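First the structure, in the form of structure tokens, and then the observations on it.
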Amino acid sequence: MTEKFQILESKVNKPLTYLLMGLIWLVVLMVAYLVFYIMYDLFDYGIKKYFVNKTSDLFFNVLIFIALSVCCFFLIYTLIFPRKKFFHRVIVNEKGISIYNYKEEIVKEVFYSNLQPSRQNSYSDVHHRDNAKLTKTTIVTHKKNKTGTIEEEVIDLYFDYFMIKNRYELHRHFLLGIQTFRPDLKIHPSTLERYYLTPETKNIKPNTIGAALIIGGFIIVFFGAVYALVLFLQ
């Protein structure tokens with residue numbers, strides 16, 4: 001059975017990933033420009049004159065300067081320094097799911113053999129979870145921690161601005177692996193329907209047009225926000 005189970009690997013949506021990175025760098029440049037403009041205005045007018053004639057404006061500008069500087073450094077930090085922690089690829093095979101960083105080091109690994117029934121003995125042992133805005137979906141399983149207590153093990157395949165274009169397929173393949181190698185675990189009926197894993201829908205190709213529309217809408221909104229910011233700065 002293990003020989004027939006296919007290996008599925010993640011595929012990065014490079015155009016969208018580079019677009020998001022470029023937009024973040026654009027925001028960094030805009031914030032840096034505002035910081036430079038405030039600093040130039042302070043020294044051009046004179047800090048002493050500001051303190052005497054525009055005391056309230058001086059404190060306000062200093063506060064804005066500090067806030068924008070922190071924002072700028074934070075954005076640069078998220079783009080540059082944590083890169084070694086960013087995912088590089090995700091693999092789902094007959095053992096489970098593995099997440100690697102850019103050094104090919106395993107960041108997270110979840111084996112089918114280590115999965116446990118829910119401690120609440122509830123309606124299901126495995127289910128999916130949507131956030132409040134329905135823009136992020138994770139798979140929730142259960143495992144034993146070091147003390148022997150059953151706790152949630154969440155499969156989260158969202159990695160900041162690194163966009164996986166086959167995230168849905170990875171989720172589905174992992175759930176299919178649970179059905180194949182751990183039939184003793186109960187997957188929630190709504191999750192089976194969501195990922196086309198019921199007996200009636202297993203052979204139906206899932207429709208992922210909705211996800212593409214959401215991404216397209218996000219790009220349009222983001223570009224609109226950037227355009228409005230450019231107009232504001234002019």
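Basis for what follows: all heavy atoms, side chains included, without hydrogens, waters or symmetry-related copies. It should be emphasised that the depicted structure is a prediction, and the values quoted were computed from it without experimental measurement.
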According to a hydrophobic-cluster definition based on side-chain heavy atoms being under 4.5 Å apart (Ile, Leu, Val, Met, Phe, Trp, Tyr only), do [X] and [Y] belong together?
X      : Y      : result
Val140 : Leu176 : no
Ile150 : Ile178 : no
Ile64  : Ile66  : yes
Leu68  : Phe36  : yes

Could you check if a side-chain atom of Lys144 sits within less than 4.5 angstrom of a side-chain atom of Thr149, using non-hydrogen atoms only?
no
Heavy atoms, side chains only, cut-off 4.5 Å: are Phe65 and Tyr37 in contact?
no
Can you tell me if [X] uses its side chain to pair, donor with acceptor, with the backbone of [Y] under 3.5 Å?
X      : Y      : answer
Arg172 : Tyr195 : yes
Arg182 : Leu115 : yes
Asn166 : Val12  : no

Using the ring pair (Phe, Tyr, Trp, His ring centres under 6.0 Å) criterion, which residues pair with [X]? Sequence neighbours excluded.
X      : result
Tyr112 : Phe174, Phe181
His127 : none
His142 : none

[X] [atom1] to [Y] [atom2] distance, which is reported to the nearest 0.5 Å:
X      : Y      : atom1 : atom2 : value
Leu34  : Ser69  : CG    : OG    : 10.5 Å
Glu152 : Gln116 : CD    : CD    : 14.0 Å
Lys165 : Leu170 : NZ    : CG    : 12.0 Å
Lys143 : Asn145 : NZ    : CG    : 7.5 Å
Ile97  : Ile139 : CD1   : CD1   : 9.0 Å
Ser190 : His128 : OG    : NE2   : 5.0 Å

Looking at [X] and [Y], does any basic side-chain N land under 4.0 Å from a carboxylate oxygen?
X      : Y      : result
Lys136 : Asp156 : yes
Glu169 : Lys11  : no
Lys108 : Glu153 : yes

Give me the atom names and distance for the closest heavy-atom approach of [X] to [Y].
X      : Y      : answer
Leu157 : Ile164 : O-CD1, 3.8 Å
Leu185 : Pro117 : CD2-N, 3.9 Å
Ile91  : Tyr100 : CD1-CE1, 4.1 Å
His171 : Thr138 : CE1-CA, 4.5 Å

Any chance CZ of Phe73 has more than 12 other-residue heavy atoms, nucleotides or ligands included, within less than 6.0 Å?
no
Test salt bridge (Lys or Arg N to Asp or Glu O under 4.0 Å) applied to Arg89 and Glu104, step by step
CA-CA 8 Å; Arg89 62 174 177 154; Glu104 291 297 324; 3.0 Å; yes
Identify the residue among Leu175, Ile155, Thr191, Leu192 that makes a side-chain contact (heavy atoms from CB on, under 4.5 Å) with Val126.
Leu175
Working note: His173 + Glu9, criterion side-chain contact (heavy atoms from CB on, under 4.5 Å); need CA distance, chi angles, decisive distance, verdict.
CA-CA 10 Å; His173 204 56; Glu9 187 170 340; over 6 Å; no
Let me see the working for Asp125 and Thr141 under side-chain contact (heavy atoms from CB on, under 4.5 Å), right down to the final yes or no.
CA-CA 6 Å; Asp125 305 311; Thr141 62; over 6 Å; no
Run the numbers on Ile7 and Val92 for side-chain contact (heavy atoms from CB on, under 4.5 Å), then give the verdict.
CA-CA 6 Å; Ile7 297 175; Val92 180; over 6 Å; no
Determine, step by step, whether Lys186 and Ser118 satisfy the side-chain contact (heavy atoms from CB on, under 4.5 Å) criterion, reporting the C-alpha distance in whole Å, the side-chain angles of both residues, the deciding distance to 0.1 Å, and the verdict.
CA-CA 9 Å; Lys186 297 177 293 185; Ser118 172; over 6 Å; no
Do we see a donor-acceptor contact under 3.5 Å between the side chains of Thr137 and Arg194?
yes
